[in-house]
Structures are given as C-alpha cells and as structure tokens.
Amino acid sequence: MTGKESIEIAQQRAMDRTDQEIITKTIEEGVETAWDRFALQQPQCGFGQLGVCCNNCAMGPCRIDPFGGKTSRGVCGADVDTIVARNLLDDLCVGAAAHSDHGREVVEVLLETAEGKAQGYQITDVEKLTVLAKEYGIKTDGRDPKDVAKDLAIGILEEFGTVKNRLQLSERAPEPTREIWKKAGVMPRSIDREIVEAMHRIHMGVDADYVNILLHAMRTSLSDGWGGSMAATECSDILFGTPTPITSITNLATLSKDKVNIVLHGHNPLLSQIIVNTAEDAELKRLAEEKGAKGINLVGMCCTGNELLMRSGIPIAGSFLDQELAIATGAVEAMIVDYQCIFPSVPATASCYHTKVITTSSKAKIIGASYMEFNPENAVDTAKSIIKLAIENFPNRNPDRVRIPERPMKLMAGFSEETIRKALGGSYKALIDAIVAGTIKGCVGIVGCNNPRIKQDYGHITLAKELIKRNILVVETGCSAIACGKAGLLVPEAASLAGEGLASVCKLLGIPPVLHMGSCVDCSRILVLAANIAKELGVGIGDLPIGGAAPEWYSQKAVSIGTYFVSSGVYTVLGIPPKIFGSSNVLNLLADGLKGITNSAFAVEPDPVKAADLLEAEINRKRKALNI
Ligand code: SF4
Ligand code: MSK
C-alpha cells in the first residue's frame, strides 16, 4: 500500500489529525487495530443485528426468520418480540451491572477510608458528604466526617441489596417524574435486585411479554442512573473532590518525547487517582531521571481519563478507539488498566512495541498483560510499584519507532452540576430566564462511545456543532466529551461557533458552549442537573426542553444510559441502531409508545445533522407545551 493510500484510509477512519497520523503509522507498520478487525468481520450477521437470534438455552441457538418464513418461534416457542426484548434487557443489564459494580467499589473504599483502612485516601469534599448524609437522614452536626462517611457508605451499600427496597438518590428526581415511575410500576427498588431480577426474567420460561420485559428494562436502567452510577459519582467526589473548571490538553500529542509516558485507561478513579498523587513522589522522579527521562508524564484515556481530567487536569490522550493508537506511537512505557472498554487485544498491540500492559482488577485480567492487583489497603504501594515498572521500561523505548504527533488541543473541563449551579449564582434562575427568553433554546446531553461503524468522532463533533449553532447548550460525558475536546469545542473561544444567544451567555460566563461533565457514570450529573432545573420550574424532567444523544455508542452501558435518560423523560437519539429492528412491536414501543408514559422516546438517526433536526424539533415541542 502506498503512503498516500494509508493516509486516505486514516482520513476515512478518524476526524482528528493526530489520530490520522498514528492510524497511518499502524498501517505502515502492519499493526492491527479495531478498524482492521471490523473490516475482517464483514459482513456481520444480519440476524444478530436485528436482535432475532437467541442463545439463552441448550435447546437453541434459535433464530427467527425476519421475512416471515417458517421459523417464527424458537424451540421453546418464544416469538420475535420476546426474543428481541429479552436480548435488549440482557444488554442493558450488563451495562447497568458494569456501572453499578464500579459504584459499589467506590462506596466500599469510602467505607474503608472512614475506617482508616485505605491507604492514601481521604475525605476531600466534606460539603458534599454533608449534603448526602442529610439526604440519607444521617446526623452531621458536631460529628467527625469519618463517622458520617461510615454511616453514609453503609446506607448506600444497603441499597445495593434488598434491605430497604428504596433508592434514596432516586428521590432527587422531581415529584412529577417519580409519579410517572410509580404509575408505570418502574420505581427502582435496589441496585443489585433489579439486575438479578432481570437475569431471572430472561431465563427460558419466565417473562415472555415484551411490554413487561421492557418495563423492567426501564426499572433496571433507573437503578443504574439514579442508583449505582450516581453513587459512583457522588462517592468519588467525596473522596477526590467535586470537579470545578480546569484547563488541560488533549489528543495523542499529550504524549511526551522525553518523559516516561503512562496511560491510565479504564473507568474507575480509585487506582488512577492514587497513581496521579503518587507520581509526585520525589524518589520516583529521581528514578525517572536516572533512567534518562525528563520526568513522568501521566495521560488519561476513556473514562478513568475523564475522572482525572475533571479533578486534576491530567491531559487526556484520547477515547475508546485511541487505546491502540496511543501504544502505536511507540512512546508508551505502560498502559495501566482497571476495567471496561479495554480491548482484550491490547497486550498484542503492546507486543509490537516495548509497552507494558498492567491489569489491576481481579475482575479484569487479560492474557499477555502483567497483573498487579490493586487493593485499597495498599493502594499507594501498588501505585509506586506500577510507576516504577513503567520507569524501568523507559530505556527499552526504541526512538526509531517513536512518532508523537505535535500540537495538543487545549480544553476546559470540570463542569459538575454543583459548579454549573454556582457559576449561575446558586440557582438555575438565570439559565431558566435565558431559556424562557429563547436566548438559549434548550439543552442536549451528548454521551457515549466511538464505534468503528462510523468515522471516529464525526457523529459527536457534527452533532455538537449543529446544536450549538442553533442556540442549544450541549453537555457531554465519556468519549463524546473527549471527541469534542480534540475538536476544540471545549474552550470558551468555541462560543464563536455558537448561535448569537448561546454565544452571548458563554462569553458572559467565560464558558465553552459544550460543557464537559465527566465520565460515563457522570451521566448521573446530567440527571441531577435536569432534576434541579425541573424542580425550580415545578415540572417533571419530561417537560423540559432538553434531549439526549449517543451518536457513536457501542457499549451495553450506553443501552442502560439511553434507557434511563428516556425513562427519566429525556428524548434520546441514537446514531447506531440498537439490535431491536427485528421486532416492530419492540421498536414501536420504544420509538413511540413510551411518549404516552414518559413524554419521551428513543429515535434512531445515523446522520448527525438530521439528529440535530430531531432534537431541535423535540425541544421546540416542549417549549410550546411550556408556553415559551
Ligand atoms: Fe431457543 Fe427458547 Fe432456548 Fe432461546 S430460550 S435458545 S428461543 S429454545
Ligand atoms: S469509555 S463506555 S467507550 S463512552 Fe466510558 Fe467511552 Fe463508551 Fe467506554
């Protein structure tokens, strides 16, 4: 393949200049990436894409003929609606479990910190601890924050099981929204229970009514958004601090030519934040110099990267599809991973270079990686050993194979709900006034991943640009926020790309028109933002002129996020079709039938400009209903 051809392929695969440069390098060096594997998988199974195959039991696998042929039922008699709905619930469950199990670990560390058993952790945000303790009815006056934190952690941990059958954090939703949940019978009861019950219903011979299955999908997703994910966000804030606006840099140019590069990849800040704190250690810095490096350069990737960016301003090298590219620069000494969104092939990519991949969770081991178990009791010691290993690997870097792109992009992050509220003067009145006046038409949360089905970042960037041009404020999390960061949309200067009204508000407040609200679990911050605005207006979330979008999603977690958005009243547009098109009944319920219950629905629109049209139309419909 000629150099020109590799460049053309790279330009088809990704929007970002630094990504394109390294994709070209992978092609030139014959290093396999997800794009190559995606091409090799074509054509992908049509039955799978429609959601009409079932592999739930040993009488199967079964598949339904989407063209109405003889195989209209599985061996057990399940019809296409049952199979599609069950598959969807299965996917959603996995996503909810991933978020919530991450949340549980953070709450457990909060408990261990309170008990003095966790090394290197502290109660950083006492204000947030107090707010949460009050919500849980825990006394705070005159008490040691550690005692309060212990009671709070136990209170939240109880909600994972079935002791209370009530999720305290879900009471943050406005009353009209909670009324809808009660009426529909989807009020979340506990975090683990909904997931376990979902797995029970999916078993052959249990739930065969697609409506009933989808209602439980809503309830399970709510237990994630208003439960597990929210617990992860809130307890991470208590331990590491609630984010405030912070500037940093992004893209593959954040890697350093002369420092030890450590990429922190995954989702949970429990280890990565300790690595950030520990990297300041003078002994480690001296060791790096001894090995010929000018220091230690930590960069984030995916959502653990977002967590570090939001709180500590750690540069973020990229998103989901950048994990192999970062290694392919030839300049990464170690990639430290916790869990979720880590390609099982990462050690194979690393074996083409000198990079060491280090897994740290007993839940997420990968053959070919080094395993260094992380436990909160010895977090700092583990962090030190990991950093040392990376430093000692620095002399193995082959300068002839290193290519680090130039010019990182500046960005601003750190927009927690509390920060946005404080910036507006302590309440949402100013924002509500701007929305009523039409200066800002509404707000859309763009979230989710990259997916090799679509040019990397194209959906996120195009949709965000379209929306801000139309005076719609954009808030983002996950890889979506990283995409817009790389494209220069997360700086106050990007206000020049916004419509006149939104631009004037951004200039007044000195904020970007696209606000980075955090990691995937921090979609819960978007829920709290919407809830607090709705409460100030005295309406439900479903009445607000807001929307959601996941233009490039791939993960089961996104299925859960999208469903808790819609179940909470947020109309949500997906750029990648979910695997439900085999059942017109399931499709109609999610795209239309839900409107009568939650005043919101799912839509599927791969073209981001058309997605912006849909979101704007929905915002206008809600504005009209509010008489504004
Ligand atoms: Fe087939 Fe029914 Fe078993 Fe699914 S549960 S594999 S449809 S027999
Ligand atoms: S990391 S879940 S690819 S957003 Fe949260 Fe990105 Fe999606 Fe993973």
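Sequence positions, counted from 1, serve as the residue numbers for this chain. Remember, it's 1-based here, ligands and their atoms both numbered in the order they're listed.
Close approach to C303 involves these atoms of ligand 2, each under 4.0 Å from a residue heavy atom: 1 (S), 5 (Fe). The Y554 neighbourhood of ligand 2 comprises atoms 3 (S), with distances under 4.0 Å to a heavy atom of that residue. Distances below 4.0 Å separate heavy atoms of C520 from the following atoms of ligand 2: 2 (S), 4 (S), 5 (Fe). Heavy-atom proximity to G448, at under 4.0 Å, picks out these atoms of ligand 2: 4 (S).
None of D237, N306, T242, T244 except one satisfies the side chain to side chain donor-acceptor pair (under 3.5 Å) rule with R311; the exception is D237. No option in S560, C523, S600 other than C523 meets the side chain to side chain contact (heavy atoms under 4.5 Å, CB included) test with F565. Exactly one residue among N251, D19, T250 makes a side chain to side chain donor-acceptor pair (under 3.5 Å) with K486. That residue is D19.
Counting protein heavy atoms only, atom 6 (Fe) of ligand 2 is closest to C479 SG, 2.2 Å. The shortest contact between atom 8 (Fe) of ligand 2 and any protein heavy atom is with C341 SG, 2.2 Å. Of the protein's heavy atoms, C62 SG, 2.3 Å lies nearest to atom 1 (Fe) of ligand 1. In terms of protein heavy-atom proximity, atom 3 (Fe) of ligand 1 is nearest to C57 SG, 2.3 Å. Here the protein heavy atom with the shortest distance to atom 4 (Fe) of ligand 1 is C54 SG, 2.3 Å. In terms of protein heavy-atom proximity, atom 3 (S) of ligand 2 is nearest to C449 CB, 3.3 Å. Summary of contacts: the protein heavy atom closest to atom 2 (Fe) of ligand 1 is C76 SG, 2.3 Å.
A side-chain N or O of R37 and one of S345 form a donor-acceptor pair less than 3.5 Å apart. In summary, the side chains of T26 and W35 do not present any donor paired with an acceptor at a separation below 3.5 Å, with no hydrogens or angles considered. D522 and T233 form a side-chain donor-acceptor contact under 3.5 Å, judged by distance and modelled atom types alone. The closest side-chain donor-acceptor pair between N585 and D81 falls under 3.5 angstrom.
Ligand 2 does not have W553 within reach: every non-hydrogen atom of the residue lies 4.0 Å or more from it. Under a 4.0 Å heavy-atom criterion, S319 is not in contact with ligand 2.
Only the side chain of H267 comes within 4.0 Å of ligand 2, counting heavy atoms alone; its backbone N, CA, C and O stay farther away. Under 4.0 angstrom from ligand 1, there are no non-hydrogen atoms of R73.
A tilted orientation is assigned to the rings of Y339 and H102, their planes being inclined by 30° to 60°.
Side-chain contact between V31 and E324 is absent, with no heavy-atom pair separated by less than 4.5 Å.
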